[in-house]
Structures are given as structure tokens and as C-alpha cells.
Amino acid sequence: MAIKHTALSALAFATALGAATVPHAATAQSGYASESMHAGTVEIPVNKSQVVTADVPIDRAMIGNDSIADILPVSDRSVYVLGKEIGTTSLTLYDRSNRVIAVMDIAVGPDVLSLREQMADLMPGEGVDARMTGDSILLSGTVSDVGVADRAVQLAAAYAGEDKVVNLMTLGGSQQVMLEVRFAEVSRSIGKDLGVRTFFGANRVSGATGPGSQLTPGDGTSNFGNGDLGVGDVTNAFGVITRSFTDILGLDVDVALDALEEKGLAKTLAEPTLVALSGQQASFLAGGEFPVPVVQSGGVGGGGQAGITVEFKSFGVGLGFTPTVLSNKVINLIVEPEVSSIDQSASITLNGIRIPGLQTRRASTVLELRDGESFAIAGLLQRDFQTTVNQVPLLGSIPLIGTLFRSTSFQKGETELLIIVTPRLVAPIRPEQVQLPTDRVKDPIQADVLLNGNAHRTNDLPPIAGDTPANTQQGTETNAQEAADGYEY
């Protein structure tokens with residue numbers, strides 16, 4: 001470590017050096033007791049200076065590391081200190097009797113003085129303090145919202161770098177966000193089935209056409225050895241018509257016609273409401289869980305078999321969101337809604353265990369809204385279309401007559417999901433504003449129950465403190481409407 005000596009006897013240039021003095025941090029006391037020698041810490045930005053003064057004449061000054069800071073004499077009671085590079089060192093002052101006047105720490109780092117001025121101009125009224133700590137900037141104080149804290153960190157990063165900012169700021173008060181979410185799903189399906197089953201036979205010719213046609217061992221009465229012809233059962237059809245025809249191309253024909261047309265419309269709706277602190281994550285799930293067996297690769301169960309554990313997979317209407325309250329009541333939201341349901345068509349069978357699949361629709365977005373504003377996630381539309389034609393080759397293609405040898409099925413489905421999200425800033429309410437449903441019901445009177453059959457009595461509650469006449473009138477009208485609709489408390 002280099003030690004630089006400066007003798008003040010050669011001081012002859014106390015010209016305008018324009019540096020601000022720090023009297024409290026650097027002024028030495030006249031008493032030379034050991035506990036009073038340390039005069040504190042002087043913070044100097046890089047390439048800037050400070051003037052250190054003492055209340056007694058200074059004969060000699062020593063700097064511990066002249067690569068961090070340099071000193072020049074100004075007068076017999078002051079020393080000019082220039083910060084050269086980031087670091088810490090010490091400055092020692094001596095009097096004419098070669099006794100130590102004071103020892104002070106010199107900390108050279110980012111320019112926190114200019115940073116404080118900029119934060120005061122750009123963020124007036126905010127209690128943000130900046131100070132040097134080594135080669136980093138430490139931010140402390142209380143701010144009104146997260147947006148102010150983010151701007152303060154960005155300003156500090158411009159002076160010291162992104163990795164050199166220590167954020168110890170706190171919010172002035174906890175801010176809570178209530179998220180109102182509405183899930184609306186509309187499912188529409190159309191299906192048409194037209195099936196034809198035909199039996200025909202003459203002399204040594206017989207046959208059957210239609211879904212589920214089969215030849216099974218029988219009692220030997222058919223024309224094919226001891227086999228019996230048959231078709232699949234007609235079930236879940238809306239109408240079935242049968243007719244027998246004789247002498248059609250020399251054949252006796254029995255025809256069964258089944259028809260079904262389906263139209264369905266379903267609407268599902270969930271309205272979860274979540275409350276979370278600013279910057280904290282909240283989640284919601286309305287649904288269930290189903291077990292999934294998992295084979296452990298390293299474990300062995302009884303009989304030398306691989307160990308199996310059970311994991312549960314969730315499904316239903318789920319929501320995860322992280323709110324961050326910015327300035328001017330702007331709310332930054334990370335929203336992740338999800339709607340899933342069990343899909344048997346996507347199931348698999350493993351070792352005799354049937355594991356269902358899931359039909360999932362998931363969205364993830366980041367946006368900013370003001371208090372009470374809403375946004376919608378739409379376009380989650382799913383269309384399914386399926387047409388099936390079963391027929392006897394060649395015979396099913398004959399016009400008109402081919403209908404007797406053909407079965408058709410038409411299925412079409414459409415599902416659309418709409419999600420509406422509304423964030424709101426919330427605050428606690430007074431205890432006298434809280435009313436429970438049980439507050440409106442009083443204990444019954446035995447005579448009233450036996451004579452009039454009234455199982456309970458309605459309690460006339462006074463209006464909530466702070467309600468205006470308009471609100472009271474509106475509540476009265478609402479109660480009257482509920483009574484007219486048959487609503488009972």
C-alpha cells in the first residue's frame with residue numbers, strides 16, 4: 001500500500017477548487033483522546049472532490065492508498081481530497097507537534113449526491129435515500145408504491161450498474177388486489193344417425209346387412225351350416241321402424257330402420273374471486289383430482305415387483321394471478337386461467353388400470369389495467385366434425401335401393417370459452433359494516449311455531465352506519481323485490 005505524505009508548509013495555492021466541505025464528517029476535535037481521533041467517513045464520488053477541514057492547524061496529511069484518492073493542501077486548516085477509483089482508504093492528519101489530529105475513512109464510489117438530486121426532481125415527496133456501500137449503491141426509505149421503487153432502482157443502476165444496487169426500500173402500506181374472474185363456456189352439439197338393418201333370404205340364399213352384422217354358431221336352421229345370422233342391437237335410438245317385403249328380386253326382405261337426431265346446448269359458468277397482496281401470487285381451483293399410478297424406477301415392492309406410487313392430477317376451473325400495484329392505481333397483472341375436464345377418449349390402459357386423459361384449455365398473459373377495468377380472453381373456440389358411412393360394397397352405391405344397404409352418422413360439436421377478468425383495489429371495512437346472513441333471523445317463539453307454523457322470525461336490521469338515504473331506499477326496494485320473488489331469509 002502506498003502512503004502519500006503532504007506537508008502543508010508548501011501550501012501556496014489556496015485557489016478556487018470549488019469542492020464542498022463536510023464539516024461534521026471531517027472536522028477534528030481539539031482534544032487528542034484516542035476515542036476522538038476517528039472523525040467518521042467521507043464519501044467522495046469518483047472523479048469528484050471534497051475539502052476536509054480541521055479546527056487546528058494541520059502540519060502533515062497522509063493518505064493510505066493514493067490510487068484510490070489523492071490529497072492536495074489548500075490552507076493550514078484544510079486539505080483537498082480527490083476520488084480517483086472505487087475503493088476505501090484512510091486519511092490521517094497531524095499537527096506541528098507530530099501528534100494525530102484525526103483519522104477518517106475515505107470511501108470512493110458512485111455519485112450518490114447527483115443520484116439524490118435526480119430522485120428528488122423526478123420523484124418528489126418520496127422518502128428515498130441513497131448511500132454508498134463499497135462499490136454498490138444502497139437504496140432505503142419508504143415509497144408510496146412499487147412503481148416508484150422500480151424507477152429508483154433504474155436510476156441507481158445508471159450510476160453503479162444493474163448488479164450494484166441494493167434495494168432495501170419498503171412500501172408505505174400493504175396494497176391488496178381483488179381479482180374478479182368469470183368463466184363462461186358454451187357447448188353446442190348436433191348429431192344425426194340413420195341406420196338400416198336388413199335380413200333377406202330365399203331358397204339357399206340368406207344374408208344380413210347393417211351395423212354389427214355377424215354370423216354365430218346356431219341350431220342349424222340357417223342356410224350356412226349351423227350358423228345364425230344377426231345384427232347389432234338397436235338401442236338409444238329415438239325411433240325404430242320395421243317392414244317386411246316379399247318377392248323382391250326373388251328374395252324375402254325384412255328391413256329395420258332406426259333414426260336419431262340430437263341437439264344439445266350447455267353453458268357452464270364459474271365466478272371465482274381472489275384477493276392477494278401486491279407482488280404476491282394467488283391461485284384458485286374448482287374441480288377435483290384423479291389418481292395416476294407411477295412406477296418407481298429404483299423401488300421394488302412385494303414379490304420382486306417394481307414399486308408403484310400414486311400421484312393426483314387436478315382438473316377443473318383454475319386460476320393463478322400475480323398483481324403488482326403501480327403508480328396512479330395502475331395494476332400490473334400476470335394472469336394464468338385454465339379450464340380442464342376428463343376426456344375418456346384420450347385415456348390409456350396400463351397393466352389393467354385405466355388412466356383417463358384431460359382436455360385442457362389454458363391461457364397466460366401479462367397486462368396492465370386500472371382499478372375496476374375489465375378485459376376479456378376470447379377466441380378459445382373448438383370445433384369437432386365427424387361423418388361416418390357404413391355400407392355394403394356396390395349395393396350401398398345403388399340409387400334409392402342403396403339406402404337399404406347403408407348406415408350413416410353425422411356429428412358436429414362447437415365449444416367456446418370466454419374469460420373476463422376485473423382487478424380491484426381493496427381496503428378493509430369497519431366491523432359495524434359486516435352483516436351475516438344469520439343476523440336477519442331471530443330465534444322462533446314456541447307459540448308462533450305451533451299456532452302459525454312460522455319456523456323463524458325476521459330481524460329488522462338498522463341501516464349500516466354511513467349509508468345515505470339513497471342507499472337505504474335502494475336496500476329497501478331490493479328486500480321488497482326479494483320478498484316478491486319468494487325469497488326467504
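Just so we're clear, the structure is a prediction, and the values are computed from it rather than from any experiment.
- Pairing each heavy atom of S340 with each of T360, the nearest pair is CB-OG1, 3.6 Å.
- Considering all non-hydrogen atoms of both residues, I331 and P423 come closest at CD1-CB, 4.0 Å.
- For the pair Q280 (side chain) and L277 (backbone), a donor-acceptor distance under 3.5 Å is absent.
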Carefully, step by step, assess S409 and T388 under the rule side chain to side chain donor-acceptor pair (under 3.5 Å). CA-CA 5 Å; S409 174; T388 304; 5.0 Å; no
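- If you take CD1 on I106 and CG on D70, they are separated by 11.5 Å, rounding to the nearest 0.5 Å.
- Looking only at side-chain heavy atoms (C-beta outward), Y80 and I71 stay at 4.5 Å or farther from each other.
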Check step by step if side chain to side chain contact (heavy atoms under 4.5 Å, CB included) holds for V128 and V143. CA-CA 7 Å; V128 182; V143 295; 3.4 Å; yes
Steps toward side chain to side chain contact (heavy atoms under 4.5 Å, CB included) verdict (E368, F375): CA-CA 10 Å; E368 292 183 358; F375 80 97; over 6 Å; no
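- In this structure a side-chain-to-backbone donor-acceptor pair under 3.5 Å is missing from T142 to G127.
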Steps toward side chain to side chain contact (heavy atoms under 4.5 Å, CB included) verdict (D59, Y94): CA-CA 6 Å; D59 182 71; Y94 297 88; 5.5 Å; no
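- Salt-bridge formation is not detected for the pair R361/E338: no Lys NZ or Arg NE/NH1/NH2 atom is positioned less than 4.0 Å from an Asp or Glu carboxylate oxygen.
- Between V310 and V294 the shortest side-chain heavy-atom distance does not fall below 4.5 Å.
- Side chains of T133 and S136: no donor on one and acceptor on the other come within 3.5 Å.
- Atom-to-atom distance recorded for R96:CZ and I101:CD1 is 9.5 Å, nearest 0.5 angstrom.
- Put simply, CG on L122 and CZ on R151 are 8.5 Å apart, with the number rounded to the nearest 0.5 Å.
- Here the closest heavy-atom approach between residue P110 and residue Y159 is recorded as CB-O, 4.1 Å.
- Other residues, nucleotides and ligands place more than 12 heavy atoms under 6.0 Å from the CG atom of N452.
- With rounding to the nearest 0.5 angstrom, the CG atom of D129 is 5.5 Å from the CZ atom of R116.
- A salt bridge is absent between R182 and E271: the closest approach of a Lys/Arg side-chain nitrogen to an acidic carboxylate oxygen does not fall below 4.0 angstrom.
- Taken to the nearest 0.5 Å, the CG atom of L91 stands 8.5 Å off from the CD1 atom of I44.
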Derivation and outcome, salt bridge (Lys or Arg N to Asp or Glu O under 4.0 Å), residues E289 and K313: CA-CA 5 Å; E289 294 181 338; K313 299 294 183 180; over 6 Å; no
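- A donor-acceptor pair under 3.5 Å links the side-chain atoms of T89 to the main chain of N65, judged by distance alone.
- Rounded to the nearest 0.5 angstrom, E43 CD and R131 CZ are separated by 8.0 Å.
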Is there a side chain to side chain contact (heavy atoms under 4.5 Å, CB included) between L168 and V166? Walk through the geometry before answering. CA-CA 6 Å; L168 297 181; V166 181; 4.1 Å; yes
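- Side-chain atoms of D371 come within 3.5 Å of backbone atoms of L425 as a donor-acceptor pair (strictly under, hydrogens ignored).
- You'll find the side chain of V317 stays beyond 4.5 Å of the side chain of L285, heavy atoms only.
- Contact between A69 and V81 at its shortest, heavy atoms only, is CB-CG1, 4.2 Å.
- When only modelled atom types and interatomic distance are considered, S97 and D95 share no side-chain donor-acceptor pair under 3.5 Å.
- Scanning both residues, I355 and P293, for their nearest heavy atoms gives CD1-CD, 3.9 Å.
- With a 6.0 Å radius and a threshold of 12 heavy atoms from other residues, nucleotides or ligands, Q446 has its CD atom at or below the threshold.
- Between M132 and I137, the closest side-chain pair of non-hydrogen atoms is not below 4.5 Å.
- Atom NZ of K84 has more than 12 heavy atoms from other residues, nucleotides or ligands within 6.0 Å.
- Using a 4.5 Å heavy-atom cutoff, the side chains of R362 and E336 are not in contact.
- Counting only heavy atoms from C-beta outward, the side chains of V421 and I419 approach each other to under 4.5 Å.
- Between T92 and V100 the shortest side-chain heavy-atom distance falls below 4.5 Å.
- Donor-acceptor pairing under 3.5 Å is lacking for the side chains of T53 and R77.
- For I58 against S78, the heavy-atom pair with the smallest separation is CD1-N, 4.0 Å.
- The side-chain heavy atoms of L319 and L274, taken from C-beta on, include a pair separated by under 4.5 Å.
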